[in-house]
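Scroll down for the structure; my scribbles are underneath it.
Both ligands and their constituent atoms are indexed starting at 1 by order of listing.
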Amino acid sequence: MSSTVTSRPVAPTTGEDLDEVTHADVAIVGAGPGGAAAAAHLAARGRDVVLLDKESFPRDKVCGDGLTPRVVRELLDLGLEDEAHGRADGFAVQQGLRIHGGRVEMELPWPELDDWPSWGGTATRRVFDATLVRAAQHAGARLAQGHGVTGPVWRDAAESRVAGVAWKGADGRAGTVRAPVVIAADGAGGPMGKALGIRRRTERPMAVAARGYYRSPKADDPWISSFLDLQDADGRLLSGYGWVFPLDDGTMNVGLGLLSTSREFQGSNYRKLLESWATGMAPDWQTTPENLTAPIRTGPIPMGFNKTPLHQRGVLLVGDAGGMVNPFNGEGISYAMEAAQLAAEVADRALVTKRTSDLDGYDRVLRERIGGYYTLGKVFAELVGDPRVMHVCTTYGMPYRPLMKLVLKMMAHLTDRRPSDTKDVILNSLQRLAPAA
Ligand SMILES: Cc1cc2nc3c(=O)[nH]c(=O)nc-3n(C[C@H](O)[C@H](O)[C@H](O)COP(=O)(O)OP(=O)(O)OC[C@H]3O[C@@H](n4cnc5c(N)ncnc54)[C@H](O)[C@@H]3O)c2cc1C
């Protein structure tokens with residue numbers, strides 16, 4: 001087993017050392033997709049942005065590396081055309097999803113829509129996140145990597161308003177970034193939520209997932225695959241799903257995740273589960289332990305806005321920091337980037353009006369846009385928490401192609417805002433009728 005995650009070399013990113021006290025319009029904690037995209041959008045609006053991350057880029061992040069059409073649109077919005085079209089090193093494109101369930105295998109192209117691209121892709125997070133960080137720098141953001149944020153700086157003793165963040169460097173140096181707006185994009189376990197005393201909404205679903213990189217002759221597959229009938233080594237049905245996402249370097253990202261609504265969520269050995277499931281797949285995939293290129297890693301997936309309100313005392317929560325992953329499919333990159341774009345817009349406006357209350361618009365608009373959909377996602381997660389439900393659905397629903405096309409649109413959250421297709425009208429109405437999460 002080699003220790004490298006990907007064979008693609010990624011150039012290191014040059015950051016800067018911060019002064020003991022630095023001033024900025026916006027301080028952003030975390031340079032994952034949420035933080036880096038927010039920094040790029042704010043810098044493009046002419047704002048002075050400091051983007052802090054405890055790690056140095058490129059760095060690994062446990063993920064499935066799947067980029068749906070929603071992510072492709074965010075890449076296009078950032079002007080990253082080559083990456084969006086899979087022409088840049090490390091980026092691959094796929095035409096759709098191959099679903100495996102019951103005894104059926106079905107290839108479903110990504111839908112043709114006005115609002116969304118009709119293709120998806122993959123890129124390791126080493127490549128993807130470093131690309132976004134560079135885009136943020138290119139737009140004018142200041143990157144402070146290797147700067148771990150320890151918590152907020154308060155404007156007053158009553159802790160009514162955040163006025164910046166405190167950081168500590170790997171070399172022991174410490175300092176603060178003073179900024180009227182702070183964006184917390186520090187991921188599922190970041191320090192900002194804890195320091196602000198934000199509790200996780202336990203009624204919202206969570207998932208834990210494991211992923212491994214395997215060398216495989218199938219790594220040039222033009223489809224990403226998802227497996228809905230997940231079983232453990234003893235053939236027991238599990239409530240979750242597995243994936244195989246081909247990358248552009250001869251490897252595949254293979255993983256599985258279980259929902260918190262399932263019986264096996266706690267107490268499962270996710271690494272072992274993945275190893276035995278991957279080994280049991282079709283022999284021509286060759287997803288056996290000797291083809292692993294790096295150790296299997298696991299990570300949490302916070303879903304359906306599990307930390308709210310999304311604006312708290314001058315801090316906007318973006319991406320996993322606000323628990324923004326889609327409960328239907330475990331997709332979080334696009335939601336982090338979409339929230340980042342809105343956070344940039346709202347922060348920019350609040351910096352002009354100088355009214356903290358204007359930051360509340362971020363929470364309101366985001367919940368209006370996707371709150372209803374996430375409420376449906378919560379119900380879905382509760383239903384499929386019993387693996388028999390998923391089994392019945394795959395056994396009786398999978399053979400019907402029109403139904404599966406509808407399911408794909410629903411699960412991947414891909415409809416037009418002004419639809420000409422009846423399927424989109426139905427799905428949009430369902431989302432509007434559901435109370436916002
Ligand atoms: C196994 C697994 C598979 C997944 N598969 C997919 C998938 O295929 N497609 C998809 O769309 N989503 C997937 N997700 C979800 C996706 O990974 C996340 O939703 C996404 O990374 C969220 O982006 P983010 O910017 O909010 O946070 P992150 O990507 O977690 O970035 C947070 C950043 O904050 C930094 N940070 C943390 N603490 C500090 C600190 N104290 N100071 C400074 N910086 C700090 C971290 O170093 C990190 O760079 C998966 C998740 C898991 C666990």
Side-chain angles (χ1 to χ4, degrees), residues 13 27-39 50-72 74 120-126 128-130 132-133 143-152 165-170 177 183-195 206-212 224 226 240-245 247 253-258 270-271 274 296-303 306-307 317-326 329-340 343 412-413:
T13 307
I28 302 179
V29 187
V50 175
L51 176 61
L52 302 104
D53 203 292
K54 64 183 165 69
E55 307 278 346
S56 291
F57 291 82
R59 57 104 180 88
D60 187 25
K61 149 82 176 84
V62 184
C63 189
D65 305 332
L67 313 175
T68 66
R70 292 187 84 95
V71 182
V72 175
E74 290 303 314
T122 52
T124 64
R125 292 294 297 275
R126 245 177 99 72
F128 186 81
D129 290 18
L132 292 196
V133 162
L143 173 68
Q145 48 187 3
H147 285 64
V149 169
T150 50
V165 295
W167 57 265
K168 200 162 180 208
V177 179
I183 290 179
D186 48 348
M192 290 300 289
K194 281 182 212 131
M206 283 274 305
V208 169
R211 69 99 167 97
I224 58 169
S226 128
Y241 84 103
W243 70 81
V244 176
F245 293 169
L247 297 160
N253 183 318
V254 181
L256 56 78
L258 299 184
Y270 287 79
R271 285 184 190 86
L274 175 57
I296 290 172
R297 291 182 63 197
T298 62
I301 309 189
M303 297 170 155
N306 81 351
K307 284 190 187 144
L317 307 181
V318 164
D320 280 11
M324 291 187 187
V325 176
N326 180 344
N329 65 359
E331 166 185 3
I333 298 172
S334 62
Y335 296 96
M337 293 176 76
E338 286 168 40
H413 200 185

| Does the side-chain contact (heavy atoms from CB on, under 4.5 Å) test come out yes or no for Leu256 and Tyr241, once each step is laid out? | CA-CA 6 Å; Leu256 56 78; Tyr241 84 103; over 6 Å; no
| After noting the C-alpha distance and the side-chain angles of Cys63 and Ile333, does the key distance pass the side-chain contact (heavy atoms from CB on, under 4.5 Å) rule? | CA-CA 9 Å; Cys63 189; Ile333 298 172; 4.1 Å; yes
| After noting the C-alpha distance and the side-chain angles of Phe128 and Val71, does the key distance pass the side-chain contact (heavy atoms from CB on, under 4.5 Å) rule? | CA-CA 11 Å; Phe128 186 81; Val71 182; 3.8 Å; yes
| Val62/Thr298 under side-chain contact (heavy atoms from CB on, under 4.5 Å): CA gap, chis, key distance, verdict | CA-CA 7 Å; Val62 184; Thr298 62; 5.7 Å; no
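For atom 43 (C) of ligand 1, the nearest non-hydrogen atom of the protein is Lys54 N, 3.2 Å. In terms of protein heavy atoms, atom 1 (C) of ligand 1 is closest to Ala209 CB, 3.4 Å. The nearest protein atom to atom 40 (C) of ligand 1, hydrogens excluded, is given as Val149 N, 3.6 Å; this is a heavy-atom distance. Remark: minimum distance from atom 48 (C) of ligand 1 to any protein heavy atom is reached at Asp53 OD2, 3.4 Å. The protein heavy-atom contact nearest to atom 50 (C) of ligand 1 is Cys63 SG, 3.9 Å. Annotation: atom 25 (O) of ligand 1 to nearest protein heavy atom, Gly34 N, 2.9 Å. Of all protein heavy atoms, the one lying nearest to atom 9 (N) of ligand 1 is Gly66 O, 3.0 Å. When only non-hydrogen protein atoms are considered, atom 5 (N) of ligand 1 lies nearest to Gly64 N, 2.7 Å.
Heavy atoms of Pro300 approach ligand 1 to within less than 4.0 angstrom. Note on ligand 1: Arg59 sits in its first shell, one or more heavy atoms being nearer than 4.0 Å. Residue contact annotation: Arg297 has no non-hydrogen atom under 4.0 Å from ligand 1. Taking a 4.0 Å cut-off on heavy atoms, Arg125 registers as neighbouring ligand 1. Using a non-hydrogen distance threshold of 4.0 Å, Phe245 registers as a contact of ligand 1.
The side-chain contact (heavy atoms from CB on, under 4.5 Å) with Val165 is formed by just one residue from the set Thr150, Val50, Leu52; it is Leu52. For the side-chain contact (heavy atoms from CB on, under 4.5 Å) with His413, the lone residue among Asn329, Asn326, Thr68 that qualifies is Asn326.
Looking only at side-chain heavy atoms (C-beta outward), Thr13 and Leu143 come within less than 4.5 Å of each other.
Using a 4.0 Å cut-off between heavy atoms, Leu67 makes no contact with ligand 1 at all. Residue-level proximity to ligand 1 for Val62 is carried by backbone and side chain together, each with a heavy atom below 4.0 angstrom. Here Ile301 has side-chain heavy atoms under 4.0 Å from ligand 1, and that is the only part of it that gets that close. Of the heavy atoms in Pro191, only side-chain atoms (C-beta onward) come closer than 4.0 Å to ligand 1. At a 4.0 Å heavy-atom cut-off, ligand 1 touches His147 through the backbone alone.
For Asp129, the side-chain hydrogen bond (donor to acceptor under 3.5 Å, both in side chains) criterion is met by Arg59, Arg125, not counting sequence neighbours. Under the rule for a salt bridge (Lys or Arg N to Asp or Glu O under 4.0 Å), Glu331 has no partner lying at least two apart in sequence or in another chain.
Distances from atom 32 (C) of ligand 1 to the heavy atoms of Gly332, Gly255, Ala185, Gly30 show the closest one on Ala185. Here atom 26 (O) of ligand 1 lies nearest to Asp320 when heavy atoms of Leu256, Val29, Asp320 are compared. Closest to atom 27 (O) of ligand 1 by heavy atom, among Ala36, Gly187, Gly322, is Gly187. Taking all heavy atoms of Gly319, Gly189, Pro33, Gly32 into account, the minimum distance to atom 23 (O) of ligand 1 is reached by Pro33.
Close contacts of ligand 1 with Glu55, meaning ligand atoms under 4.0 Å from a residue heavy atom, involve 47 (O). In summary, the atoms of ligand 1 found under 4.0 Å from a heavy atom of Gly148, numbered by their order in the structure, are 42 (N). Of all atoms in ligand 1, numbered sequentially from 1 with element shown, those under 4.0 Å from a heavy atom of Gly299 are 53 (C). Under a 4.0 Å criterion applied to the non-hydrogen atoms of Val325, ligand 1 contributes the atoms 19 (O).
Atom CZ of Phe245 is separated from atom OG1 of Thr122 by 9.0 Å, given to the nearest 0.5 angstrom.
Here the side chain of Gln145 pairs no donor or acceptor atom with the backbone of Asp53 at under 3.5 angstrom. Between the side chain of Asp186 and the main chain of Val29, no donor-acceptor pair closer than 3.5 Å is present. At distances below 3.5 Å, not a single donor-acceptor pair connects side-chain atoms of Lys54 with backbone N or O atoms of Ala170.
In terms of N/O distances under 3.5 Å, ligand 1 is approached by Ile333.
Under the 4.0 Å criterion applied to side-chain N and carboxylate O atoms, Arg211 and Asp60 are assigned as salt-bridge partners.
Residue-environment remark: NZ (Lys168) stays at or below the threshold of 12 foreign heavy atoms within 6.0 Å.
Considering every non-hydrogen atom in both Ala209 and Ile301, the closest pair reads CB-CD1, 3.7 Å.
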